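The sequence lines fix the lettering, A, B, ..., with proteins before strands; numbering per chain opens at 1. The structure displayed is predicted, hence computed values, not measured ones.
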2 protein chains.
Amino acid sequence: MQPKITITNIIWSFDHTTKHVNLLLVKRADAPFKDYWALPETVMRPSESADTAALRLVREKIGLELASFHTEQLATFTQPNRVPGDRSLSLAYMTFLPEMPPLTAGYGAADARWFTFDYEATQYRLQNDQLIFHTTAIKDHDTYYNQLTDRSADPNTTLGFDHDWILKVACQRICNKLDYQPNILLILGDYFTLKRARTVFAVFQQVPLESIDNSNFKKNHKHLFKPVGTSSAKHPGRPAKEYQLNYFDLTNE
Amino acid sequence: MQPKITITNIIWSFDHTTKHVNLLLVKRADAPFKDYWALPETVMRPSESADTAALRLVREKIGLELASFHTEQLATFTQPNRVPGDRSLSLAYMTFLPEMPPLTAGYGAADARWFTFDYEATQYRLQNDQLIFHTTAIKDHDTYYNQLTDRSADPNTTLGFDHDWILKVACQRICNKLDYQPNILLILGDYFTLKRARTVFAVFQQVPLESIDNSNFKKNHKHLFKPVGTSSAKHPGRPAKEYQLNYFDLTNE
DNA sequence: ACAAAAGTGTTATACGTACACCCATGC
DNA sequence: GCATGGGTGTACGTATAACACTTTTGT
């Protein structure tokens, strides 16, 4: 019997009014994990690659047609007990949206919302009104999957499937790549100020924004950005310069 | 129709007599790519995870029972045209053997051999007697897969499937992780001298061994190793100290 | 004019690099 | 004792971090 092949997509965006990183979660309409919040998923079609399927998911759920460099493979999750019942593989991708469009619950979803992303102690936290979820605090792969089958599973505090583990892996990956391939900055759109960039770095590194010195940040990451002009300031204070990502650093040379 | 799910395993070892990194290739006995050399593969069973399947492949083909930290996931390759005919996914793993056991052609293989691993210009090279293969020189994912279907495919110079691409990705990954998580050093066995470690670093970084200064290497990587004694010298010159990897750095904390 | 926001510059320190020198072994 | 292989130490240059200062805007 062949396992089911699922594309799981971790979709990031940035709210320019609240200055928060956001993450898309979906309330599932069907089993398994009906009525649980979880990462959006789709099934791969016979004629498409997994990358294409991840982009198709974004097109279908959000209505954005993205170039392929907005998506990147995270890892593949294959533990036999990751889904109760049938065997299911998850090919996990991350997608960095250049904007934060309004959401509508699509096919297979009872609801779809943006969750603000920040941290609390050593875990990351997702929040939307009353709803709060966390990445798992468990560090070891085997330990995590051993406790998975018989854990308390309250849909108001627990994500469906192994998605709190997958999310932890995603956050780690993004954090590790901040200094040499910060594709996550694509969520800031085409142009961004250094402060916005520092905001994103700060969340993933779990440090306060003020602890990242602007002068040093600019010097240390100058190879990643190129200046493209000055933002029009709508507040007291000097208007910030705007930068864009060097495309070079987003791909593998 | 569900695609076929294949585990592809890139198996590394170290030849302590020739001081070369080695890589396992298999001559395929069956279609597709019959009589081509390729990376060893297996199919995932319903009850096992992909990690377990990768370790099982090592056990069946080589007869070594390894702990799970010897294996690490590389990526998943899903391009529809990566295998002519049927749809097939490759979940690629890398395995670092602590020794280099003799090989026997197992099930599905007409031959199985260790290929010495070095570099030539900007590509990596695999060699065994007359047989020489290279990692692909193509840098872009789409460009590679576009030329894949109609490339010249001589079994004496070309690996089967997209394995020259997968190998390139593997080498890049290992190279990127050398300075913070050099699991590749597991191929040196439990204990190793700094010179052996530098030998491994040199191949993957595509520089001559002499260009890596021993004194500086030791200082820059002291967090990765701990000393465990001195080797018994069987040659003129001072005997080298031996080190082992800090287990800490092999896992994600 | 002043406060707020952001860019620029300066210094002290840490780190990586190059290279010289010292030590242990086999013959 | 000398050649060989390997470990140790130092001095230099570059990169990072801390922090002070200057510039530009809104009120």
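Between H235(B) atom NE2 and dA3(D) atom P there is a gap of 19 Å when expressed in whole angstrom units. If you measure from atom CD of E242(B) to atom C1' of dG6(D), you get 13 Å, rounded to the nearest angstrom.
Contacts between residues 210-222 of chain B and DNA chain C, counted as heavy-atom distances below 4.0 Å, involve D213(B), S215(B), N216(B), K219(B), N220(B). At a non-hydrogen distance threshold of 4.0 Å, nothing from residues 195-209 of chain A comes into contact with DNA chain D.
For R238(B) against dT25(C), no side-chain N or O and base N or O form a donor-acceptor pair under 3.5 Å.
Under the rule for a side chain to side chain donor-acceptor pair (under 3.5 Å), the partners of R125(B) that lie at least two apart in sequence or sit in another chain are D118(B), E120(B). Residues passing the side chain to side chain donor-acceptor pair (under 3.5 Å) test with E210(B): none are found, sequence neighbours excluded. Residues satisfying the salt bridge (charged side-chain N to carboxylate O under 4.0 Å, His left out) test with D111(B), not counting sequence neighbours, are R113(B).
Side-chain contact annotation: D162(A) with Y144(A), donor-acceptor N/O pair under 3.5 Å absent.
Proximity of the aromatic rings of F201(A) and H221(A) is defined here by a centroid distance below 6.0 angstrom, and this criterion is met. Centroid-to-centroid, the aromatic rings of F14(B) and F192(B) stay 6.0 Å apart or farther.
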Please tabulate, for side-chain N and O atoms in residues 90-98 of chain A, each donor-acceptor pair with protein atoms closer than 3.5 Å (sequence neighbours left out).
| from | atom 1 | to | atom 2 | distance (Å) |
| --- | --- | --- | --- | --- |
| S90(A) | OG | T8(A) | OG1 | 2.7 |
| Y93(A) | OH | D51(A) | OD1 | 3.4 |
| Y93(A) | OH | Q73(A) | NE2 | 3.1 |
| T95(A) | OG1 | N9(A) | OD1 | 2.8 |
| T95(A) | OG1 | N9(A) | ND2 | 3.1 |
| T95(A) | OG1 | T71(A) | OG1 | 3.1 |

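Taking side-chain N and O atoms only, K241(A) has a distance below 4.0 Å to OP1 or OP2 of dT8(C).
For the atom pair Q172(B) CD and T135(B) OG1, the distance stands at 9.0 Å (nearest 0.5 Å).
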